[in-house]
Every structure is written in C-alpha cells, then in structure tokens.
There are 2 protein chains.
Amino acid sequence: MYLRHADLWRAIDDLARDHGYTISALARRAGLDPSAFNKSKRGSPDGRLRWPSLESLAKILDVTGVTPLEFFGFSAPTGTDSARGQLRLLPTMGQREASEREPFDADGFPVGKHWDPLPFPELADRQAYGVTIAGDAAEPVYRDGDIVIASPRAALKRGDRALVRTISGRMIACAFIRRTAGKLEIRPFGAAPETHDTRGIAFAHRIVWASQ
Amino acid sequence: MYLRHADLWRAIDDLARDHGYTISALARRAGLDPSAFNKSKRGSPDGRLRWPSLESLAKILDVTGVTPLEFFGFSAPTGTDSARGQLRLLPTMGQREASEREPFDADGFPVGKHWDPLPFPELADRQAYGVTIAGDAAEPVYRDGDIVIASPRAALKRGDRALVRTISGRMIACAFIRRTAGKLEIRPFGAAPETHDTRGIAFAHRIVWASQ
DNA sequence: AACGCGCAAGGAAAATAGTCCTCTTCCGGT
DNA sequence: ACCGGAAGAGGACTATTTTCCTTGCGCGTT
C-alpha cells in the first residue's frame with residue numbers, strides 16, 4: 001500500500017502545523033467545516049478507516065500553497081523502504097547565516113526554525129540539509145551561491161566532498177582525506193591539505209549533491 | 001488550484017493506458033466497480049464536478065505499482081505557471097546508454113521511453129534531464145556513478161559545467177569556455193582546453209546539479 | 001449473420017464523507 | 001477568578017461517491 005491511511009492523516013496534521021494552523025483552523029480556512037478532520041472523521045467506531053476526499057485535500061493544499069507533489073512527499077512514511085522514490089523538503093540555510101547562528105544540535109543534526117525548506121529527491125539520510133555557499137573560498141569546485149546538500153549520517157571516505165564545521169562555527173567546504181583519533185585531515189578546495197585537531201571540529205558531513 | 005479536476009482525471013486515464021488497462025479494467029483490477037471511473041462519475045449532469053475518493057485512488061496506485069508521488073508528478077499540468085514550486089520527475093539515463101541510444105530530439109531535448117524518472121526539485125527548465133556519469137574521464141570533478149542534471153534551456157557562460165554531445169553520440173562532461181559561430185571551446189575536467197567544430201556538436205547543455 | 005465478450009454509459013440503491021450542532025476543555029486577557 | 005474564544009470530540013443529518021444493475025456499442029470468432 002503506497003498511500004496509507006495513517007501516513008495521509010499524519011501528513012495533513014503536519015501540513016496544518018507547519019503552516020501555523022490547527023487542523024480545525026486549516027479546515028475553516030479551506031472553506032470546510034472545522035470538524036472535517038476531527039478524530040471521529042478518520043475512522044468509524046467499528047474500526048473502519050475513513051479517508052478525506054480529494055476535493056477536501058485540494059482545498060487545503062490551495063490555502064497552504066502546497067503542491068500535491070510536495071504534499072505526497074511529506075506523506076512518505078519515515079524510516080521504511082516505502083520511502084524509496086519519495087521527495088523531501090530539505091532544511092536549507094546560507095553559509096554565513098549557518099556560521100552566525102547555532103542551527104545544529106549536539107549530534108550535528110539541523111535543528112531550529114531558521115531553515116528554509118528545499119524540495120529534494122529522496123536521500124537515505126533524513127537529517128540531510130542544504131547550505132548555500134558564500135564567497136569564493138571553495139572555488140573552483142563551488143562558486144558563490146551554489147547550494148550543497150550535506151548528509152550527517154553518510155560515511156566519509158578519502159576524496160569525498162565534505163562540509164566541516166569548527167566549534168567556532170566556521171563552515172568549510174573541502175575534500176575529506178582522513179580522520180584519526182585526534183586529527184582530521186582535509187583539503188580545502190584550491191589550497192594545500194590541512195590537519196585539524198578534532199577537538200576543534202564540531203562535525204564533518206559528506207556533501208551528496210551540489211548545484212553547479 | 002494545484003490539484004485540478006481535469007488534470008486528475010486525465011492522470012487516471014493515463015495511468016490506465018500506460019499500464020495496459022482500460023479504465024474499467026483498471027477499476028476491476030483494483031477491486032472497484034468497473035463503472036467507478038465512468039464519464040457519468042466525473043461530473044453531474046448539472047455541471048457539478050465529481051472527484052474520485054482517495055481510497056479508490058490508493059487502490060489503483062497499488063495495482064499499477066505507481067507511488068503517489070509519481071502519480072501527482074504525472075498529473076502536473078505541463079507548460080503552465082501553475083507548475084511553479086512543483087517537484088518534477090526528471091528523465092534520467094546512464095552516460096553509456098545515452099551514448100548508445102539516440103534519446104534526444106533534433107532540438108536536444110530528451111525524448112523516448114528509456115529514461116528513468118528521478119524526483120527532483122523545481123527547475124525552471126521543463127526539459128531538464130539527468131545523466132549518470134560512467135568512468136573516470138570527468139575526474140576529479142565528477143566520479144563514476146555521479147548523477148549530473150542538465151538543463152537544455154539554460155544559458156552557458158564561461159566556467160559553467162556543461163554536458164556536451166557530439167553528433168557521434170559521445171557525452172562529455174566539461175567546463176564551458178566559449179562558443180563562436182563555428183567553434184565550441186571546452187575544457188574537459190583534468191585535461192587541456194579543446195576546440196571543436198560546432199558541426200560536430202549536437203548540443204551543449206548547462207549542468208545545474210550534480211551528486212557528489 | 002449471429003454470437004460472445006469486454007467496454008462504456010447512466011439510473012437507482014447502498015455506502016461513505018461532509019456539515020451542522022452540541023458539549024467539554026484549554027488558554028489568554030482582564 | 002471570571003470570561004470569551006478557539007480547539008477538538010462525537011452524534012445526527014445531508015451530500016456525495018460507489019456499487020449494482022441494465023442497456024447499447026464495437027470487435028473478433030464461428
């Protein structure tokens with residue numbers, strides 16, 4: 001079953017929340033009855049499942065400005081094989097803003113509300129995020145304005161492109177060389193290899209996509 | 001209106017046809033009544049629109065093996081402003097296969113049925129497509145297995161990455177230098193600049209995204 | 001030509017979703 | 001503490017969709 005009852009209703013809940021509505025407010029804004037998405041409208045007392053109609057769905061997509069494609073990207077169940085071929089909205093932020101703020105948690109995963117959603121094809125890593133390159137430090141590989149998509153969970157091997165964050169907040173796009181117990185070796189693009197003490201490094205994430 | 005009545009019904013017709021069903025056969029295979037998608041079920045005599053239910057839609061997606069995402073990608077109306085913000089299914093093909101086949105029309109746009117759909121974020125160019133790099137000729141910029149997304153309509157300027165096709169079918173990933181009346185100057189990655197007679201070139205498309 | 005079969009249309013009945021209404025809870029403002 | 005408003009639940013009714021049924025058409029086979 002590609003389109004599952006529970007996923008669909010979760011996606012509607014997410015849609016409302018992400019646009020600052022309660023489910024009753026969303027229904028009202030869409031011209032529906034406020035109770036249209038009530039719990040009692042999602043299943044009968046006898047256990048039979050109830051589905052919203054496509055007409056209702058079309059109306060709430062319109063008032064939230066979400067396309068059907070994005071919505072069904074949202075509705076992809078998490079952490080299952082059925083997510084294959086699905087789309088995601090990837091949190092994305094400018095390189096400078098990412099340096100000035102602290103938009104990562106202790107594990108190096110993106111958190112907070114300053115990220116902009118970028119629709120993107122399936123990535124195995126649900127923690128992936130995007131950063132817009134600022135300046136020419138990463139020339140000639142990345143140019144000002146390029147977007148790189150980083151995957152915190154992806155394994156890094158020699159030669160991979162990586163996005164490294166220092167504990168001071170600096171975000172460095174580079175080629176990964178190796179990491180040992182106490183040292184991280186990287187080669188910033190267009191520069192000589194560097195060795196960093198890992199105590200000064202917040203994380204190194206593999207770059208999986210880049211705009212050109 | 002993102003999700004339009006006519007587009008939806010057209011997408012259902014396409015879904016049936018593309019899987020070798022008539023609409024009544026598709027309904028029957030999905031466990032529905034054969035008349036479920038009849039013309040009389042798409043609108044009332046008084047002009048009121050009728051929509052299929054999500055439950056029916058889920059059933060026909062299951063029997064055809066089409067994900068909601070693919071379905072609503074297909075259902076997106078083409079060539080209209082309403083495509084803005086949409087996610088797209090980008091035709092994608094391996095570099096070798098692209099060389100062996102002739103999957104582009106005379107204008108350099110992807111055609112034919114050997115392309116695999118890759119979900120991808122909005123691109124202004126509705127003719128964009130993907131190619132999977134084969135071999136190490138494009139090292140160090142692109143590695144074997146990388147996917148590059150090319151945009152036939154994007155303007156090319158010096159330094160842009162480009163995907164060039166010769167009339168013999170060779171697909172070359174390179175940096176674009178300039179194009180004059182009769183000559184195309186490119187720099188294959190990790191090699192010296194080359195000048196080609198434009199009579200031997202089918203097209204040069206800008207690469208807008210690349211997996212890393 | 002006659003027949004069988006699948007397809008499609010459409011009307012009437014049955015099933016399902018939406019609306020209207022009431023009730024209760026929660027939360028912020030005064 | 002009180003009040004007003006919104007949220008959410010659920011029951012009864014209305015509206016819409018699906019199913020069941022019949023009819024007619026087109027096509028291939030006999």
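So you know, we letter chains A, B, ... as the sequences are listed, proteins then strands, and number each from 1. None of these values were measured; they are calculated from a predicted model.
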May I have the distance from A/Asp33 (atom CG) to D/dA9 (atom C1'), rounded to whole angstrom?
12 Å

A/Lys41, nearest nucleotide to its side chain (from C/dG18, D/dT17, C/dT19):
C/dT19

Could one point to a donor on the side chain of A/Lys59 or the base of C/dG18 with an acceptor on the other under 3.5 Å away?
no

Length of the line joining B/Phe37:CZ and C/dG10:C1', which is rounded to integer Å
17 Å

Round to the nearest Å and state the distance from B/His5 atom NE2 to D/dT17 atom P.
8 Å

Where A/Arg4 and A/Trp51 come nearest, the two heavy atoms and their spacing
C-CH2, 4.2 Å

Whole angstrom is fine here: how far is it from CD1 in A/Ile23 over to C1' in C/dT19?
16 Å

Rounded to whole angstroms, how far apart are CH2 on A/Trp9 and C1' on D/dG8?
14 Å

Has A/Ser24 got a side-chain N or O lying under 4.0 Å from the OP1 or OP2 atom of D/dG8?
yes

Separation of B/Arg50 atom CZ from C/dG10 atom P, in whole Å?
12 Å

Atom-pair distance (CZ on B/Arg28; C1' on C/dC7), nearest Å
9 Å

Salt bridge or not between B/Asp7 and B/Arg10? Use side-chain N to carboxylate O under 4.0 Å.
yes

Name the closest nucleotide to the A/Ser53 side chain, picking from D/dC21, D/dA9, C/dA17.
C/dA17

Between B/Tyr21 and B/His19, ring centroids under 6.0 Å:
no

Could you tell me the separation between the CZ atom of B/Arg42 and the P atom of D/dT17, rounded to a whole number of Å?
13 Å

Atom CZ of B/Arg42 with >12 non-hydrogen neighbours under 6.0 angstrom:
yes

